[in-house]
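Each remark here refers to the structure printed beneath this line.
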Amino acid sequence: MSLLTLDISKCVHTSNKFAICDKCVTVCPVETIKIDEGVISFVPSECVGCGGCDAVCPTAAYELDDFKPINYVFNFLENDLDVITCKNELPCIAALSVEELLSMALISPQSITADIGACKECPIAAKNLPIIQERVEEVNFLLEAMEQNSFIALKELDIKEEIVQTDTLSRRKLLSKDGLKKAVSIKQQFENEVESTDTTLKTHEVTSADIVKIKQKNLPDRRSLLLMAMKRAEVPETFHTISIEDISFISQKDLDESSCTNCQMCYRICPTGALSSDGRGSVINFNPLSCVQCHSCHDVCEPDSLTLRKTFALSNFFEPKVETLVRFDIKRCDECGNFFAYHGGEMLCRRCQIEEDEAKELWGIK
């Protein structure tokens, strides 16, 4: 049985108590994942190891001990395979994200078929099959919009499950260097099996090591894979613009300069560094290719100045560029001496202005 783990430092709920993301809860076919006041929990023994939560998590916070999507993709491409099936080293097609499926279609020299034949007898197909169909539909739409010749076909194939033969370790092999490595691997696998039968509700506490990792801005492996795949794709004659509703893993943003207070929360909370600024906080830049559509920046924007653009330009994949959403006139506050975005009036930062307004109200001064 697969063991599901959660890297709490990658989950947006850890760094943002206002986060509304619940994608892992929505896709779990056995409904074992729960979010209660920002705390994620699940029962290991209830998890069926389909990998759907990892594929849908914007920051790839989940992981199965016996399946790594990036390894599966590379193995698929290196061996010139053309069928994606749960009968061969894949727990479920739902374990592959839109980005991974899109990358496979862009890099593979041949057409790809996703085998859903096993879904007829699968107990979790009622939840996972519509997810698989939706992802493949999104991939094919993007391929067509990008004028690529690739396509992923959904078919019910009759594929027999491959049985992997395991080697028995002899005494001589066991004492060898490779044998010891294998013995350690077997021990780890056994411990994982024991943990996966645990019926205790698993919750996750944030450690000091997690806090250090939260401050690091990293792209998920699947995004790096997609960026590599896009470099191999044919540049289309026309760069089309699509509705934001037709793409689930990336976005473009707009920012209302008049209402933005330059509180800096949006780019401080961004887990991938898609939003950034300079040393003085005089600008907010946005890199669409680093956005994973986790919505965290919107969740912390108190005046709702930051919004999702209703369209997405596919030219971003072929001619990437960083957008400047807003520039600020930076002044030094007369009261505290800190730099702030000046919008006219007194030379006071927002914090000092609030304190002054409260003092005037207390003193009865208008």
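Here the closest heavy-atom approach between residue K127 and residue T26 is recorded as NZ-O, 2.8 Å. G281 approaches N262 most closely through the heavy-atom pair O-ND2, 3.0 Å. Nearest heavy atom pair, residue A105 against residue L143, reads CB-CD1, 3.8 Å. Annotation for L142 and I247: closest pair CD2-CD1, 4.1 Å, computed over non-hydrogen atoms. Here the closest heavy-atom approach between residue T311 and residue Q252 is recorded as O-OE1, 3.9 Å. Of all heavy-atom pairs spanning S296 and I269, the tightest one is OG-CG1, 3.8 Å.
With ring centers used as reference points, F317 lies under 6.0 Å from F312.
Salt bridge R222/D54: present, at least one basic N to carboxylate O contact under 4.0 Å. Ion pairing between D7 and K213 holds under the 4.0 Å rule for side-chain N and carboxylate O.
If you check the side chains of S305 and S259, you find a donor sitting under 3.5 Å from an acceptor. Counting only N and O atoms by type, the side chains of N75 and N79 include a donor and acceptor under 3.5 Å apart. Between the side chains of E144 and N140, no donor-acceptor pair of N or O atoms lies under 3.5 Å. Side-chain N/O atoms of S277 and Q264 include no donor and acceptor closer than 3.5 Å. For the residue pair S103 / E100, no side-chain donor-acceptor distance below 3.5 Å is found, with atom types taken as modelled.
Within a 6.0 Å sphere centred on NZ of K310, heavy atoms belonging to other residues, nucleotides or ligands number 12 at most. Annotation: E356, atom CD; neighbour count of heavy atoms from other residues, nucleotides and ligands within 6.0 Å is above 12. Counted within 6.0 Å of CD on E302, heavy atoms from surrounding residues, nucleotides or ligands total 12 or fewer; the atom is thus considered open. Remark: F339 CZ is packed, more than 12 non-hydrogen atoms of other residues, nucleotides or ligands lying under 6.0 Å away. Within 6.0 Å of CD on Q216 lie more than 12 heavy atoms contributed by other residues, nucleotides or ligands. More than 12 heavy atoms of other shown residues, nucleotides or ligands fall within 6.0 angstrom of atom CG in D329.
Ring geometry, F340 versus Y342: the interplanar angle exceeds 60°, so the pair is classed perpendicular (tilted spans 30 to 60°).
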Any chance you could lay out the side-chain contact (heavy atoms from CB on, under 4.5 Å) test for I70 and L225, step after step, and finish with the verdict?
CA-CA 8 Å; I70 195 75; L225 173 68; 3.9 Å; yes
Would you check, one step at a time, whether the test side chain to side chain donor-acceptor pair (under 3.5 Å) holds for S248 with E138?
CA-CA 8 Å; S248 63; E138 180 178 343; 3.0 Å; yes
Carefully, step by step, assess L102 and F249 under the rule side-chain contact (heavy atoms from CB on, under 4.5 Å).
CA-CA 11 Å; L102 180 58; F249 57 88; 4.2 Å; yes
Which is it for L325 and L306 under the side-chain contact (heavy atoms from CB on, under 4.5 Å) test, yes or no, and what are the steps along the way?
CA-CA 9 Å; L325 300 182; L306 196 63; 4.0 Å; yes
Would E323 and R309 count as a salt bridge (Lys or Arg N to Asp or Glu O under 4.0 Å) if you check the C-alpha gap in whole Å, the side-chain angles of each, and the deciding distance to 0.1 Å?
CA-CA 13 Å; E323 300 179 46; R309 194 171 299 173; 3.0 Å; yes
Start with the C-alpha gap between T85 and L90, add the side-chain angles, then the distance that decides, and say whether side-chain contact (heavy atoms from CB on, under 4.5 Å) holds.
CA-CA 7 Å; T85 176; L90 180 65; over 6 Å; no
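In this structure, L6 CG and S41 OG are separated by 10.0 Å, a value rounded to the nearest 0.5 Å. How far CG of L308 is from NE2 of H295: 5.5 Å, rounded to the nearest 0.5 Å. A distance of 10.5 Å separates CZ of R135 from CD of E99, quoted to the nearest 0.5 Å. To the nearest 0.5 Å, the span separating OG1 on T324 from CD1 on I284 amounts to 10.5 Å. The line from CZ of R350 to OG1 of T261 is 4.5 Å long, rounded to the nearest 0.5 Å. In this structure, L348 CG and N338 CG are separated by 12.0 Å, a value rounded to the nearest 0.5 Å.
For the pair T238 (side chain) and H240 (backbone), a donor-acceptor distance under 3.5 Å is absent.
For the side-chain contact (heavy atoms from CB on, under 4.5 Å) criterion with M265, the lone passing option out of V300, N16, L275 is V300.
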